[in-house]
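Worksheet: the structure to be examined is printed underneath.
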2 protein chains.
Amino acid sequence: MTVTLADVAARARVSPATVSRVLNGNYPVAASTRERVLRAVDDLDYVLNGPASSLAAATSDLVGILVNDIADPFFGIMAGAAQTEIGGPGDGSGRAGGEKLAVVCNTGGSPERELTYLTLLQRQRAAAVVLTGGAVEDPAHQAAVSAKLAKLADAGTRVVLCGRPPLPDGEAVVAALAFDNRGGGRRLTEHLLSLGHRRIGYVAGPLERTTTRHRLEGHREAMRAAGLVGDEERLTVHGPYDRRSGYDATLELLRREPEVTAVVAANDTVALGASAAIRDRGLRIPEDISVAGFDDLPFSVDAVPALTTVRLPLFEAGARAGRLAMGKETPPPGGIATIAAELMVRGSTAPPRV
Amino acid sequence: MTVTLADVAARARVSPATVSRVLNGNYPVAASTRERVLRAVDDLDYVLNGPASSLAAATSDLVGILVNDIADPFFGIMAGAAQTEIGGPGDGSGRAGGEKLAVVCNTGGSPERELTYLTLLQRQRAAAVVLTGGAVEDPAHQAAVSAKLAKLADAGTRVVLCGRPPLPDGEAVVAALAFDNRGGGRRLTEHLLSLGHRRIGYVAGPLERTTTRHRLEGHREAMRAAGLVGDEERLTVHGPYDRRSGYDATLELLRREPEVTAVVAANDTVALGASAAIRDRGLRIPEDISVAGFDDLPFSVDAVPALTTVRLPLFEAGARAGRLAMGKETPPPGGIATIAAELMVRGSTAPPRV
DNA sequence: TCTCGGATAGAAAGCGCTTGCTACAGCTGT
DNA sequence: ACAGCTGTAGCAAGCGCTTTCTATCCGAGA
């Protein structure tokens with residue numbers, strides 16, 4: 001049936017121990033012996049039994065990357081970058097060793113699924129786990145996640161957060177890379193204010209998520225600094241991070257306050273939906289209404305007009321998270337790094353009509 | 001240290017065998033005993049050792065989903081849908097059992113990485129593997145993949161292809177869901193021809209990929225049927241499936257043949273780049289040049305003007321692939337199903353100027 | 001020539017779980 | 001009252017690999 005280490009050993013006329021050592025390259029083996037073993041491996045088309053190996057060695061080469069929505073490039077870009085660094089196959093390096101199996105797990109934004117995936121990864125004795133994207137703010141869930149991560153950590157799993165705020169008690173985590181969502185949100189709205197906008201609608205993400213909250217807080221900070229208070233609730237509509245939601249929410253916004261001169265969206269995808277809604281209402285962008293997004297996903301520059309947004313270095317952050325997970329990079333001081341968000345002013349924002 | 005089955009058994013005052021059976025629910029256990037065991041599991045915060053379990057049971061709950069580019073929603077959507085069906089956590093069903101760990105592996109379109117991931121999954125004794133997206137057409141690689149899949153298959157792994165043409169010798173595979181790229185490509189170009197276009201440029205995907213070839217063949221079929229031959233090479237530019245490539249290739253196309261009245265892109269992302277290039281040349285869409293894409297990704301309807309494209313039911317196909325991988329759905333006759341591609345006519349195509 | 005130490009290879013004891021088989025109740029039917 | 005069930009639980013043998021400890025072989029130093 002399946003070829004085992006013993007079969008290889010027999011064919012190479014050595015002991016199983018020797019084959020194992022050749023394969024792991026962590027023990028001196030005479031060149032001639034190694035050669036013989038390698039040939040046998042080849043001849044028999046031998047493939048190591050992962051579970052057996054993990055069991056005996058008490059380690060595994062699985063690395064999990066958790067994302068909220070795999071169909072969203074926001075996560076795809078980070079996950080892809082991380083996976084590249086984690087190496088999976090062909091990281092060019094010498095030989096085996098770095099051969100980690102980087103896998104991405106799609107939680108769909110559901111807390112339960114997030115937890116279950118963590119358990120599954122714990123089962124597999126994952127070498128590392130990278131959590132991407134904003135966290136759900138339910139205290140019970142946060143506690144559960146923290147507890148889980150702590151358990152993972154002291155089972156030897158390296159935990160890295162990417163684009164997610166640090167844990168209350170950061171102990172369990174190798175590093176946390178947090179995006180400056182609040183600062184980005186603030187600068188974006190400041191930009192709009194400086195253009196002369198005063199009635200600014202905000203299409204927010206789902207409630208109870210750190211990303212949503214931070215971006216919104218940045219926005220309100222700027223509004224408040226400009227002395228614009230009182231209308232927060234009326235000019236904010238919440239919804240999921242998708243196009244449809246942006247469309248619907250913007251329609252609602254226009255209903256509540258026909259005089260808005262600018263709409264800020266929770267992210268670029270939502271901004272796309274918002275733009276569509278504005279156009280369907282017969283309004284022009286940016287002449288009648290300015291629109292702004294967040295993230296600077298690849299398609300944003302191709303919107304017409306090109307979308308003003310806040311650029312997050314998703315690829316770089318993902319790659320860095322990958323390296324941290326692999327221990328290829330030393331964690332930032334305190335284990336926490338804030339990733340800057342850069343305002344990208346493009347054609348979708350302009351001064352309001354007078 | 002870590003809690004083992006034996007610890008749980010001791011605490012519940014039963015044998016390890018019983019604990020195992022309670023956990024797996026595949027053997028009658030008296031309700032009272034089960035209760036006691038479950039409590040012990042809870043008290044001790046026990047987590048099954050995956051590798052040990054897989055080793056002993058000679059199976060694993062890993063399901064691999066291979067994608068070419070995780071940052072591309074084309075793959076993200078399919079992968080997400082598949083993962084949903086595979087259940088991973090919380091598929092709502094009764095209890096454990098369907099608890100598979102669906103993981104997506106990003107090959108980056110590299111044949112070697114594809115192969116390495118397959119080996120890694122083979123190592124892990126994956127329960128199933130779903131390969132998505134077009135295949136590389138290098139014969140050596142195809143042979144290698146086929147061989148690998150055969151090996152996986154007779155190690156008990158269920159192999160499903162999604163959006164990828166069937167293997168030459170389909171034996172190894174549970175099912176192959178192939179997109180009708182050729183038919184879609186043909187209908188798209190027929191649409192353009194029927195509008196009156198004659199000089200149609202084609203921005204193709206990378207060489208040596210089935211998807212690229214099939215879509216291009218469909219296009220040329222239509223052209224030929226309209227009696228338009230001879231200019232194929234000049235009016236075709238190849239490049240990767242990304243925006244940048246679409247931009248550059250379109251510029252090149254306009255250089256080669258300033259009189260093109262329509263540009264067909266290999267996919268929607270490329271079409272976005274093409275549109276940008278056309279605009280940067282000071283031309284209008286669709287008045288001066290029509291543009292069409294392929295896939296109908298979510299953002300395509302939001303392009304301005306909305307993009308004419310070919311809709312591929314990515315979500316449905318991914319979900320079906322997931323179900324097939326789990327054995328929740330019976331394979332199509334012959335193991336092969338062709339997924340229809342539907343022409344979506346929108347604002348980016350119009351009759352050429354006279 | 002004899003001893004010692006370095007370099008390799010082998011023996012064997014697990015790693016933590018699953019599962020075929022056996023053991024033992026408590027019933028039923030005769 | 002006894003054989004024969006059915007329903008539960010335990011025993012123990014692995015699953016295929018890693019790794020510690022031990023054995024061996026050689027050349028080198030004395």
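So you know, we letter chains A, B, ... as the sequences are listed, proteins then strands, and number each from 1.
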Handout entry: Nearest atoms (heavy-atom pairs only) where A/C162 meets A/V130
Key = CB-CG1, 4.2 Å

Problem - Position toward the 5' end of DNA chain D (nearest nucleotide), A/L55 or B/A31 - result: B/A31

Handout entry: Enclosure of A/E35 CD (heavy-atom neighbours >12, cutoff 6.0 Å)
Key = no

Fill in the blank from the handout: Between CG of A/L23 and P of D/dC17 the distance, given in whole Å, is 9 Å

Practice task
Using atom types as modelled and distance alone, determine if a side-chain donor or acceptor of B/S146 lies under 3.5 Å from a backbone N or O of B/Q142.
Solution key: yes

Handout entry: Contact under 4.0 Å: A/S15 side-chain N or O vs C/dA11 OP1/OP2
Key = no

Fill in the blank from the handout: Rounded to whole Å, CG of B/D61 lies from P of C/dC17 at a distance of 14 Å

Practice task
Give the nucleotide from the list D/dT19, D/dC17, C/dT18 with an atom nearest to the side chain of B/L48.
Solution key: C/dT18

Practice task
Establish, with yes or no, whether the OP1 or OP2 oxygen of D/dG16 is under 4.0 angstrom from a side-chain nitrogen or oxygen of A/S53.
Solution key: no

Problem - Donor-acceptor pair under 3.5 Å, A/R21 side chain vs D/dT20 base - result: yes

Handout entry: Rounded distance (Å) that lies between atom C1' of D/dA9 and atom CZ of B/R36
Key = 11 Å

Fill in the blank from the handout: Whichever of B/A17 and A/V29 has the more 5' nearest nucleotide on DNA chain C, that residue is A/V29

Completion exercise
Taken to the nearest whole Å, OH/A/Y27 to C1'/C/dA9 is 8 Å

Problem - Nearest-nucleotide pick for B/A30, side chain only, options being C/dG10, C/dA9, D/dT8 - result: D/dT8

Exercise for the section: Take atom CZ of A/R125 and atom P of C/dC17, then tell me their distance rounded to the nearest Å. Expected result: 8 Å

Exercise for the section: Under 4.0 Å between any heavy atoms, over every strand shown, what does A/S54 touch: base, sugar-phosphate, or nothing? Just pick one. Expected result: nothing

Problem - A/G322 backbone acceptor or donor facing A/K328 side chain under 3.5 Å - result: no

Exercise for the section: Rounded off to whole Å, could you give me the CG-to-P distance for the A/D7 and D/dC15 pair? Expected result: 12 Å

Practice task
Ignoring backbone atoms, establish whether A/S20 has a side-chain N or O less than 4.0 Å from OP1 or OP2 of D/dT18.
Solution key: yes

Practice task
Return yes if some donor-acceptor pair links the side-chain N/O of A/T210 with the main-chain N/O of A/A135 below 3.5 Å, else return no.
Solution key: yes

Exercise for the section: Compare side-chain N and O positions of B/N49 against OP1 and OP2 of C/dC15 and report whether any pair is under 4.0 Å apart. Expected result: no

